[in-house]
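All residue numbers refer to positions in the sequence shown, counting from 1. When a ligand or atom number is given, it counts from 1 through the structure's own listing order.
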Amino acid sequence: MAPPPPSPDALLRPGLLERVFSPDGLEGLHLDNGLCTARIFLQGAHLAEFATPGGPPWLFLSRNSAFAPGKPIRGGVPLVFPWFAENTGQPDLPLHGLARIRPWQWVSGSVEQNRPTVLRFESPATLPGQPDLPCDLAVTFTLGDSLEIAFEGRNPTDLPVEIETAFHTYFAVADVRAVSILGLEEREFADKTRSRQVRREPAAPLRIEEETDRVYTDAPGPFAIRDEAGAREFLLTAEGSCSAVVWNPWIAKASRMPDFGDDEWKQMLCLETGNLGPAALRLGPGESFRQVLRCELRPSP
Ligand code: TA6
């Protein structure tokens, strides 16, 4: 295995980019570059916080989330890989795969005050003390007055692999009952709240009025999330992915989640982008994938 790259600690600057540690031992980076603030944990290369000046955070993060080795963080942008939700063959394996609870390494970046910051993280398919992944992974964040996440993987073996990937993005909203989601009109979905019944959206924006857990195999975007009560709108474009998921636990499920406040269902909406189910990626030996999510925020009328 190639020696690890030199540490990029030369990029650290007090008040601009600093190493941080959670009380339970998770290491991460905190960025404040004048255009945005962000916090990224090395476990899962997990973007847990992102905000731009003058407004509330873009991403939801549960006040009850764990920040401990091997435990998923409830919020931000969990990376889903190499399976989505339960592992069909081995249901005891972690929900949403292994990438988000695995050690990653900060390997490079570029950091300047008042300019977008680039930070790149990697996690090899084979890592001592960790279950093997089917791909060497990398994720590159571009953090400024908008947010871009590029998730890449390469199959290092001489065998084909099949993988599901997703950004499980938790958006912060003022009140999920006053949100419209555009970009899913007339799309077919599996309704996980109704035994995966296959349904089709009407020719109208989606609104959240109950527990919602919908998997759209064919929904490449672009999307908009109109946070009406927050007078703002997220604009999302996805590249290298064709599936989407919309999830809000609503009241009853929220009360059953130990790492989620009973009332927090009102302040979040997951709009996830990836390659799921029949749209799972099939990589031959040496083949790669790259999926990108770009988020912008603008005031809504
Ligand atoms: O993506 C939606 C979903 O599969 C829901 O069914 C719910 O289980 C959620 O994921 C949990 O995701 P988390 O990242 O919080 O483990």
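Ring planes of F60 and Y170: parallel class, angle under 30° (limits at 30 and 60°).
Residue F260 places no heavy atom under 4.0 Å from ligand 1.
Atoms CD1 and OG, on I225 and S300 in that order, are 12.5 Å from each other to the nearest 0.5 Å. With rounding to the nearest 0.5 Å, the separation of CD in E86 from CG in L93 is 11.5 Å.
Around the CD atom of E201, the shell of radius 6.0 Å holds more than 12 heavy atoms that belong to other residues, nucleotides or ligands. For CZ of R19, the number of neighbouring non-hydrogen atoms (other residues, nucleotides, ligands) closer than 6.0 Å is greater than 12.
Contacts of R100 with ligand 1, taken as heavy-atom pairs under 4.0 Å, involve the side chain alone.
Residues W247 and E272 come closest through the heavy atom pair CB-OE2, 3.9 Å.
Residue-ligand proximity, Y170 to ligand 1, at heavy-atom distances under 4.0 Å covers atoms 12 (O), 13 (P), 14 (O), 15 (O). Which parts of ligand 1 touch F84 is read off a 4.0 Å heavy-atom cut-off, strictly below it: atoms 1 (O), 4 (O). Atoms of ligand 1 found under 4.0 Å from any heavy atom of E272, numbered from 1 in the order shown, are 1 (O), 2 (C).
Among all protein heavy atoms, the one lying closest to atom 11 (C) of ligand 1 is R74 NH1, 3.6 Å. Among protein heavy atoms, the minimum distance from atom 4 (O) of ligand 1 is reached at K192 NZ, 3.3 Å. Ranking the protein heavy atoms by distance from atom 6 (O) of ligand 1 puts D213 OD2, 2.6 Å first.
With salt bridges taken as basic N to acidic carboxylate O contacts below 4.0 Å, one links E122 and R120.
In terms of polar-atom proximity, H96 is counted as a contact of ligand 1, with an N or O under 3.5 Å from an N or O of the ligand.
Closest to atom 9 (C) of ligand 1 by heavy atom, among E86, H168, K253, is H168.
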